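Here is the structure we will look at.
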Amino acid sequence: MVETLVVVGAGPGLGMGVARAFGRQGFQVGLIARTREKLDALVGELAELGITAAAFPADIRDRDALATALTAARDMLGPIDVLEYSPSPTGPITHAAQTTADSASAQWELHVLGAVTAVGQVLPEMLARGDGTLLLTTGVSSTVPAPFLANVGMAMAGLRNWAHTLHAELKPHGIYAGTVTIASGVVPGGGEADPDAIGARYYSMYQQRNRVEEVIGDLDAFRSLVAQTGGHGSSATPISSAN
């Protein structure tokens with residue numbers, strides 16, 4: 001039986017790197033993001049590589065729309081074997097002292113509640129099969145506190161924490177949950193930061209199932225950046241996953 005990967009928050013960078021890595025191993029691929037035209041272009045790129053793929057447009061912050069898109073992906077492609085969640089931050093990114101309830105909730109809605117919705121949609125069937133993989137992506141601010149990424153970091157840290165707890169709770173049931181921390185820009189031709197190199201790391205996690213977390217990039221370098229800039233960051237600062 002052909003296995004299925006669904007990428008939630010699919011884009012031309014990380015999302016396509018993951019899609020190509022799994023697709024080259026025989027997976028069908030479902031892509032979920034907001035814009036139909038962009039998704040159709042990505043599906044076309046995968047088709048040129050001989051990878052079966054389909055687009056399922058949805059605003060990830062709309063929980064009903066996301067659940068509907070995942071149901072459509074399951075109906076078209078069959079049971080979802082691997083869920084990968086990696087939307088990039090949208091909306092204002094605030095410094096710590098300027099963070100408001102609205103700016104914090106916007107990032108929480110996208111990164112945490114979107115992931116909870118997506119996992120909740122696919123997990124019951126995985127548990128019934130006794131097999132499945134959940135890969136949840138965060139950015140460097142999930143691990144290294146950065147005042148200039150305060151509202152994003154709050155949400156990313158919550159998602160990372162939840163991924164760790166899912167890993168512990170679901171392992172005895174045959175479900176593998178892991179998290180990837182992107183501590184680098186996603187740059188074609190950029191060594192370990194190349195989308196295809198990153199995709200290969202995700203596929204390795206899926207195959208090996210022996211670690212809860214993978215870090216791509218240099219956490220210590222980011223800590224130094226935060227210290228050197230007094231928490232103000234720079235235009236080259238990696239915010240999170242570049243989907």
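Keep in mind the model is a prediction, meaning the values are calculated, not measured.
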Q) Between A177 and A163, what is the shortest heavy-atom contact and its length? A) CB-O, 4.3 Å
Q: With Y176 as reference, evaluate L134, L170, L135, V212 under the side-chain contact (heavy atoms from CB on, under 4.5 Å) test and give the passing residue.
A: L135
Q) For the atom pair CZ (R20) and CD1 (I51), what is the distance rounded to the nearest 0.5 Å? A) 8.0 Å
(Q) Under the criterion side chain to side chain donor-acceptor pair (under 3.5 Å), I'd like the reasoning laid out for T94 against Q98: C-alpha separation, chi angles, the key distance, then a yes or no. (A) CA-CA 6 Å; T94 57; Q98 284 72 51; over 6 Å; no
Q) In terms of side-chain geometry, is the basic nitrogen of D131 or R129 positioned less than 4.0 Å from the acidic oxygen of its partner? A) no
(Q) Quick check against the 3.5 Å criterion: does R209 have a side-chain atom that pairs as donor or acceptor with the backbone of G174? (A) yes
Q: Provide the closest heavy-atom pair for G130 versus I175 in the form atom of the first, atom of the second, distance.
A: C-CD1, 4.3 Å
Q: Assess whether side chain to side chain donor-acceptor pair (under 3.5 Å) is satisfied between Q28 and T4, documenting all intermediate values.
A: CA-CA 5 Å; Q28 301 177 110; T4 299; 3.2 Å; yes
**Q.** More than 12 heavy atoms from other groups under 6.0 Å of CE on M205
**A.** yes
Q.
Looking at I182, is its backbone amide N or carbonyl O close enough to the side chain of E214 to form a donor-acceptor pair, meaning the two atoms are under 3.5 Å apart?
A. no
Q. Any donor and acceptor pair, going by atom type alone, linking the side chain of N151 with main-chain N or O of I93 inside 3.5 Å?
A. no
Q: First locate atom CE of M156, then atom CG of L149, and finally report the distance between them rounded to the nearest 0.5 Å.
A: 9.0 Å
Q: In sequence, state the C-alpha distance, the side-chain angles, and the governing distance for Y206 and Q25, and then conclude on side chain to side chain donor-acceptor pair (under 3.5 Å).
A: CA-CA 12 Å; Y206 156 76; Q25 299 297 326; over 6 Å; no
